[in-house]
Structure formats: structure tokens, C-alpha cells
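Computed from a predicted structure; not experimentally measured. Whatever order the structure lists them in is the order used to number ligands and atoms, beginning at 1.
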Amino acid sequence: FNKIHAISAEKEKQADTSVPPIPKSIHDISNGDHILGFGADLSEDHPGYYDNEYKKRRSYIADLAKIHKPGEPIPCVDYSAEEIRVWGLVLDTLVDLYPTHACKEYIDSYKLFNFKPNHIPQLQELSEVLEQTTGWHIRPVAGLLHPRDFLNGLAFRTFHSTQYVRHGSNPMYTPEPDICHEVLGHVPMLADPEFADLAWVIGQASLGASEKDIWHLTKLYWYTVEFGTVKEGSEIRAFGAGLLSSIGELKHMREGTDGVMPEFVELDPFKKMPKMSYKDGYQKKYFLCESFADAAAKLRSYSRSILKPEVMSMNFGGTPIQL
Ligand code: TIH
Ligand code: FE2
């Protein structure tokens with residue numbers, strides 16, 4: 001009996017320690033301790049793998065992010081002519097698609113930002129606009145954060161953003177986030193109050209969540225904030241940042257690839273979500289929302305079902321939890 005008892009006590013301890021302490025503010029979340037995948041170590045299938053100059057540049061930009069402290073101005077990056085060329089190309093191609101492919105909230109918020117092909121916006125200037133519109137903040141990050149840290153950031157209305165530019169060999173699609181994705185995909189959406197609310201709901205639910213729940217929330221995040229689509233009359237429009245920053249994926253969402261159309265399914269946060277991957281190219285399945293308000297309401301009811309009692313009494317910079 002003693003032995004069994006000792007083993008189960010040990011298991012319980014493990015289960016306990018697998019959920020780290022709940023962060024009380026953005027200062028409790030690290031932007032550089034848990035970088036996953038890519039980061040500065042590119043895998044062999046990454047378009048920049050054989051480009052040493054590119055890898056050096058990425059490490060330099062990643063190191064800038066690591067020294068940043070929340071509340072301080074975000075370091076500016078002096079982008080090179082090649083980096084600006086890539087950004088300009090992505091922007092010029094995407095602006096032609098937005099009127100027909102992007103949701104109306106995106107098209108509206110986009111106007112706040114005056115993006116130009118010859119200037120890569122600095123995170124600091126963008127964060128200032130968001131602070132004034134929806135109260136969100138941008139924080140630079142060295143690479144892909146661990147999902148718990150990333151989602152926890154959303155609870156404090158903080159969006160962790162990369163600052164490097166995708167490899168120039170394929171500006172139409174990159175397998176990982178880069179500054180073009182963050183700026184053209186996420187930033188205008190975060191200036192929309194209803195969308196910002198949806199992202200906040202996912203963040204609040206992630207505080208103190210079990211590993212299993214973190215995984216499910218990551219998928220909910222992926223299929224809405226990253227690859228979500230929304231009905232507008234008889235049309236399907238994109239609101240997910242992974243769509244809005246990739247010319248290739250936006251076209252694929254509408255027209256399919258090699259004669260195969262993607263599938264569209266209704267969002268139900270209580271159902272098991274399909275597996276997600278950075279490695280499989282374009283999505284085969286998109287979740288279709290009636291509206292942001294409807295998607296946020298559904299996410300809220302799921303989030304309430306897993307919310308930790310300690311989080312209920314937390315105060316998010318003067319605003320109590322709103323689930
Ligand atoms: N595929 C997107 C792009 O080309 O901009 C970037 C990513 C979004 C989500 C995951 S990777
Ligand atoms: Fe993203």
C-alpha cells in the first residue's frame with residue numbers, strides 16, 4: 001500500500017507542477033525563455049536554411065527582442081534594402097486582394113495604418129496605434145513562443161510579435177510568422193474592438209489552464225485568429241492573419257489548389273479540433289464564423305467552462321475578467 005500511495009502522491013505532484021504559477025501581469029511572462037521550432041535554428045526544409053547571411057541577420061534581430069522589457073520602447077530595426085524589397089512585394093500584391101478577400105473589419109482598420117511599400121513599420125509605432133484604439137500592446141519576441149506563454153500574453157492584451165523578415169526566395173508564403181505576417185495579418189485585426197475581444201477571451205482562459213486545455217486553446221486560436229473565415233452575405237471573407245499575410249493562402253482559400261477546394265466547417269469550440277501544423281502548407285479545412293460577435297460568444301462559453309476560479313478575481317489593468 002505504501003508503495004502505491006507513494007507513487008500516486010508523486011504523480012499528483014507532477015500534475016501540480018506541470019501548471020506553472022499564473023502570471024499576474026505581463027512582467028511575469030518571458031519573451032525568450034521558451035522559444036520553439038524555428039527561432040534562429042532553421043530546419044532543413046526552411047527556405048533560409050542554406051543562407052548563412054540570412055541566419056546571421058535573424059539571430060541579430062532575435063537578440064534585440066531578448067533585451068526588451070515591457071513598458072520600454074521597442075528597439076527599432078534598421079531594415080536593409082533587400083528586406084524592404086520583400087516587404088514591398090508582399091504588400092503590393094496583397095493590397096490588390098484585400099478588397100475582394102478580406103473581411104470588412106480588416107478593410108476598415110487597415111486605413112488607420114498608412115502602410116507603404118518603401119517602409120517596414122516599426123513595432124513601436126504600431127503598438128502606439130493599438131494602445132490608442134483597443135488598448136493592446138505589442139511585445140517583440142525572438143521566435144515562436146511556447147503556446148502557454150503566447151496565449152497568456154493575450155490575457156494582458158499583449159501580442160508577441162516577431163521582427164525579422166521572411167526569406168526572399170518565396171514572399172508569397174512562409175511556413176512561420178515574420179514581420180510581414182504580424183503587421184499585415186495581425187495588427188489591423190487587433191485594432192478592431194470585437195476581434196480584439198475574441199483574442200482576449202482565449203487569453204483569459206489560458207491562465208492556469210492544464211496542458212490539455214492549453215493544447216485545445218492553441219487550436220482554437222489557430223483556427224480563428226490565424227486562419228479564421230467569416231460569412232459576409234453570400235461570400236466567405238478572411239480574418240485570420242495567416243490568410244491575410246499570404247497571397248498564396250488567400251487565393252487557395254477562395255479557389256483551391258490543383259483543383260482541390262478546401263473545406264469550410266462551422267466553429268464549435270467544444271468539439272475536438274483538427275491537428276495543426278506549421279509544416280503542412282496551406283490549410284485543408286477552414287472554420288467559418290457567422291460574425292466575430294458570434295465567434296467570441298461561442299469561445300466565451302467554452303472559456304467559462306475551463307476558467308480557473310483564481311482567474312475570476314483577477315484584475316487586468318483595471319478591467320476585471322469579462323467572460
Ligand atoms: N503562412 C503565413 C504567411 O506566409 O504569411 C505565415 C504563418 C501564419 C501562421 C503560421 S505561419
Ligand atoms: Fe500569427
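- Near E226, the atoms of ligand 1 lying under 4.0 angstrom from a non-hydrogen atom of the residue are 8 (C), 9 (C).
- Of all protein N/O/S atoms, those lying under 2.8 Å from the Fe ion (ligand 2) come to 4.
- Pairs passing the side-chain hydrogen bond (donor to acceptor under 3.5 Å, both in side chains) check and including a residue from residues 85-96, sequence neighbours excluded, read E82-R85.
- Atom OH of Y60 is surrounded by 12 or fewer heavy atoms from other residues, nucleotides or ligands within 6.0 Å.
- Nearest to atom 4 (O) of ligand 1 among the protein's heavy atoms is T174 N, 2.8 Å.
- Put simply, the side chain of E249 gets close to the backbone of Q283: a donor and an acceptor are under 3.5 Å apart.
- The N/O atoms of R166, backbone and side chain alike, include one that comes under 3.5 Å of an N/O atom in ligand 1.
- Between the NE2 atom in H137 and the NE2 atom in H160 there is a gap of 12.0 Å [rounded to 0.5 Å].
- Protein heavy atom in closest approach to atom 5 (O) of ligand 1: S245 OG, 2.5 Å.
- K251 NZ: 12 or fewer foreign heavy atoms inside a 6.0 Å radius.
- For atom 10 (C) of ligand 1, the closest non-hydrogen atom on the protein side is Y278 CE2, 3.4 Å.
- Counting protein heavy atoms only, atom 8 (C) of ligand 1 is closest to H181 CE1, 3.3 Å.
- The N/O atoms of W222, backbone and side chain alike, include none that comes under 3.5 Å of an N/O atom in ligand 1.
- With rounding to the nearest 0.5 Å, the separation of CD in E53 from CZ in R58 is 14.5 Å.
- Residue contacts with ligand 1: E176 is included, with a non-hydrogen atom under 4.0 Å away.
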For the pair L126 and F115, evaluate side-chain contact (heavy atoms from CB on, under 4.5 Å) and give the outcome as yes or no after the intermediate values.
CA-CA 11 Å; L126 299 169; F115 297 133; 4.0 Å; yes
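- Residue P175 touches ligand 1 through its backbone alone, judged by heavy-atom distances below 4.0 Å.
- Residues Y173 and Y282 bring their aromatic ring centres within 6.0 Å.
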Run the numbers on F227 and F287 for side-chain contact (heavy atoms from CB on, under 4.5 Å), then give the verdict.
CA-CA 8 Å; F227 292 102; F287 283 82; over 6 Å; no
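- The local environment of CD in E72 is crowded, with over 12 non-hydrogen atoms from other residues, nucleotides or ligands closer than 6.0 Å.
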